[in-house]
**Student:** 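Got a structure for you, written out below as structure tokens; questions coming shortly.
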Amino acid sequence: MPASSVQDLSNSESRPLLPKSEPSKALPPPEDKKSGWVRPIIYILLVALVGFIGWRVYSNKKKNEANTANQANALLNRPVPVQAVAAERRPMPIYLTALGTVTPYYTVTVKARVNGQLDKVNFTEGQEVKAGQTIMVIDPKPYQAALDQAKGTLAHDQALLKNAQAEFVRYKALFDAGVASKEQLDLQQSNFGQYEGAIKSDEAAIETAQLQLDWCSIQSPISGKIGLRLVDPGNIITANTTNLVIVNQLQPIAVYFTLPQNYLPQVLDKLRADQRLPAEAFDKGDTTRLSTGQLLTTDNQIDTTTGTAKLKAVFDNKDEKLFPNQFVNIHLVMEQRNSALVVPSAAIQTGSQGTFVWVVQEQAITPQPGQTAQPAQQKNGDPQPTTEWVAKMQPVKIALAEGQLTILDSGPNAGQKVVVDGADRLRQDAKVVVSAPRQHSNASGPLTDATAPVPQQPGQGTPGVATPAPMTAHQLERADPKKHRKQAADPSAAQPKGNQP
């Protein structure tokens, strides 16, 4: 072995064996000292920006809410335009209302009582007839012949009776003389009695025939108005079957109506006290009075299916405004109030607190802080009004609602103004601007309040009526943005034309 190889082996044996080392990785470059404090500053700025935006949103929201509240308060403090009329006292009836049906006082369906051919019609349809007046005639010839036959039978039987009477007299003389037997006398007496009975039967037959002959002339059983004929002349009439015509008595005339059983005791109390209860019949719309009558009586029982009692009123009906089967509204007058408190029905309001009306009252204007109680002078020299109208809630108790008028048992005093239009925007002690309605009428007559609106002079408030406060620019913008922007762009458009105030 060469020497060099031996030397290499000795060197390798003398050196320790080392593990193989991995290749070294490149180290990251050292960080810049400035990047350590820039990043926190950026985070802080972002948080501050978000907080600023949130604060601005919150503050704007609060500001808008405050503006909205101020505008709402300003609108609430503005006077509300209303229409009002004065409550008054007038004679008014207190009555019960019911739906009634007009019924003839008497009604008769005329029928024939004998068979035969209808010969004549002696009436004009719709005319007034009297009781006993002949209105139709059935051919009387068959019944006249039957009457003549009955009379002939009577004459024949009368002759036989006369002969039987003579035979009885002779046999009675012979019996008294002892010539005739008792049996012969009894036989003649029996024959005489039979002929007497035949005579009575013949007389009854004559009466029957005469009655049937009289029935050929059909007469009106009552006085009244006759209707349309149901059978023409020439038709064959069947006794007690064929309807010929209907006769109704219209003067007087009756109206049947019902009332709830709760009202029946007070009606009966007045009837027992011999008080006549007036009854007024109105048309279907309950606006026009047709006739006036009085209550006659009540039924003797209550209808269990409806819980109502049936009543009957009688009307003279001289002008014939009531007609059979006509539907009418009945006002049964229970009481006549000479001084009833009356307000328009439009003034009646209903809420959780019950029934009430809005009453407008005049009160002195309360000065604002920093203002004196002395009336301030306006630009034109006229003093500002020292009083204003306010709305107050007044509970009422209703006695009767009659069309567009309502009668109250309790409520405002006579002469106090009640609101009839604009009540939906009112609240307690709200300021109002009062005007009278242009027209207010009803079935019982118009109210005595003025019908024209209350005028207001320019630049001067009406005495006792608050003048609306001028609107701010912001309120004008909210009320009519287009008009406000137009006036802002063209100042001359906002100026009044001519001599308008």
Side-chain angles (χ1 to χ4, degrees), residues 106-124 127-224 226-227 229-249:
Y106 292 119
T107 182
V108 176
T109 301
V110 180
K111 296 183 180 181
R113 304 178 73 176
V114 293
N115 299 327
Q117 179 180 344
L118 183 61
D119 194 11
K120 297 179 181 179
V121 175
N122 297 332
F123 66 86
T124 301
Q127 78 174 63
E128 295 286 341
V129 295
K130 301 294 183 181
Q133 177 179 342
T134 300
I135 56 177
M136 289 183 175
V137 176
I138 296 177
D139 185 11
K141 296 182 183 67
Y143 300 98
Q144 183 65 49
L147 177 61
D148 295 339
Q149 183 180 3
K151 289 181 178 179
T153 303
L154 175 62
H156 177 267
D157 291 341
Q158 284 177 345
L160 294 177
L161 175 64
K162 187 176 181 181
N163 182 48
Q165 185 178 7
E167 290 289 336
F168 174 72
V169 172
R170 285 196 299 268
Y171 273 93
K172 189 175 186 308
L174 294 175
F175 176 76
D176 293 338
V179 178
S181 64
K182 178 66 173 173
E183 288 80 4
Q184 293 177 337
L185 178 63
D186 292 341
L187 179 61
Q188 295 300 322
Q189 186 177 5
S190 174
N191 293 334
F192 176 69
Q194 289 179 6
Y195 289 122
E196 283 184 338
I199 293 298
K200 291 185 178 298
S201 177
D202 294 339
E203 291 176 348
I206 291 175
E207 292 179 358
T208 301
Q210 182 64 52
L211 185 60
Q212 291 182 343
L213 181 61
D214 294 339
W215 285 346
C216 290
S217 297
I218 302 174
Q219 300 175 348
S220 175
I222 61 173
S223 298
I226 201 165
R229 69 173 183 270
L230 305 178
V231 179
D232 295 329
N235 287 279
I236 301 300
I237 306 302
T238 303
N240 301 321
T241 302
T242 307
N243 297 332
L244 303 179
V245 73
I246 298 177
V247 182
N248 291 329
Q249 182 177 348

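The first residue of the sequence shown is numbered 1, and numbering continues consecutively from there.
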**Student:** Of N243, I218, V245, which is the lone residue that meets side chain to side chain contact (heavy atoms under 4.5 Å, CB included) with K111?
**Tutor:**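 Checked N243, I218, V245 against K111; only one passes side chain to side chain contact (heavy atoms under 4.5 Å, CB included): N243.
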**Student:** Mind listing the closest non-hydrogen atom pair of T153 and D202 along with its distance?
**Tutor:**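 Shortest heavy-atom contact: O-OD2, 3.1 Å.
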**Student:** Just how far is it from atom CG of L160 to atom CD of Q194, taken to the nearest 0.5 Å?
**Tutor:**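 Result: 11.0 Å between the selected atoms.
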**Student:** Hey, is CD on Q149 packed in by over 12 heavy atoms from elsewhere, all under 6.0 Å?
**Tutor:**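 For Q149, atom CD is not crowded (no more than 12 foreign heavy atoms under 6.0 Å).
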**Student:** Rounded to the nearest 0.5 Å, how far does CG of L161 lie from CD of Q158?
**Tutor:**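 Interatomic distance, Q158 CD to L161 CG, rounded to 0.5 Å: 8.0 Å.
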**Student:** Looking at T208 and A204, would you say the former's side chain and the latter's main chain have a donor-acceptor pair under 3.5 Å?
**Tutor:**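 Side chain of T208 to backbone of A204, a donor-acceptor pair under 3.5 Å: yes, one is there.
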**Student:** On a heavy-atom basis, which atom in I138 and which in V114 lie closest, and how many Å separate them?
**Tutor:**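 Heavy atoms of I138 and V114 come nearest at CD1-O, 3.8 Å.
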**Student:** When rounded to the nearest 0.5 angstrom, what is the spacing between CZ in R113 and CG in L211?
**Tutor:**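 Rounded to the nearest 0.5 Å, the CZ-CG separation comes out at 7.0 Å.
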**Student:** Please name the pair of heavy atoms, one in C216 and one in D139, separated by the smallest distance, quoted to 0.1 Å.
**Tutor:**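 Between these two residues, the closest heavy atoms are SG-O, 4.0 Å.
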**Student:** To the closest 0.5 Å, what do you measure between CG (L147) and CD (E207)?
**Tutor:**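 Answer for the CG-CD pair, L147 versus E207, is 11.0 Å.
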**Student:** Please list, chain by chain and in numerical order, all residues satisfying side chain to side chain donor-acceptor pair (under 3.5 Å) with D148, sequence neighbours excluded.
**Tutor:**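 Partners of D148 by the side chain to side chain donor-acceptor pair (under 3.5 Å) criterion, ordered by chain and then number, come out as Q144.
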**Student:** Please output the side-chain donor-acceptor pairs of residues 231-242 that fall under 3.5 Å, not counting sequence neighbours, one pair per line with the distance.
**Tutor:**
{"from": "D232", "atom 1": "OD1", "to": "R229", "atom 2": "NE", "distance (Å)": "2.8"}
{"from": "N235", "atom 1": "ND2", "to": "D232", "atom 2": "O", "distance (Å)": "2.7"}
{"from": "T241", "atom 1": "OG1", "to": "A239", "atom 2": "O", "distance (Å)": "3.2"}
{"from": "T242", "atom 1": "OG1", "to": "T238", "atom 2": "N", "distance (Å)": "3.3"}

**Student:** Please report the shortest heavy-atom distance between Q249 and I222, naming the atom on each side.
**Tutor:**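 Between these two residues, the closest heavy atoms are N-CD1, 4.2 Å.
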**Student:** Between atom OG of S217 and atom NZ of K120, what is the distance when rounded to the nearest 0.5 Å?
**Tutor:**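 With rounding to 0.5 Å, OG (S217) is 9.0 Å from NZ (K120).
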**Student:** Between I135 and F123, which heavy-atom pair has the shortest distance, and what is it?
**Tutor:**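 In this case the closest contact between I135 and F123 is O-CD2, 3.3 Å.
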**Student:** Distance check, rounded to the nearest 0.5 Å: K200 atom NZ versus D157 atom CG?
**Tutor:**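 Between atom NZ of K200 and atom CG of D157 there are 13.0 Å.
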**Student:** Identify the two heavy atoms, one from K130 and one from S220, that lie closest to each other, and give their separation to 0.1 Å.
**Tutor:**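 That closest heavy-atom pairing would be O-CB, 3.6 Å.
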**Student:** Between S223 (side chain only) and A131 (backbone N and O only), is there a donor and an acceptor less than 3.5 Å apart?
**Tutor:**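 Looks like yes, one N/O pair under 3.5 Å.
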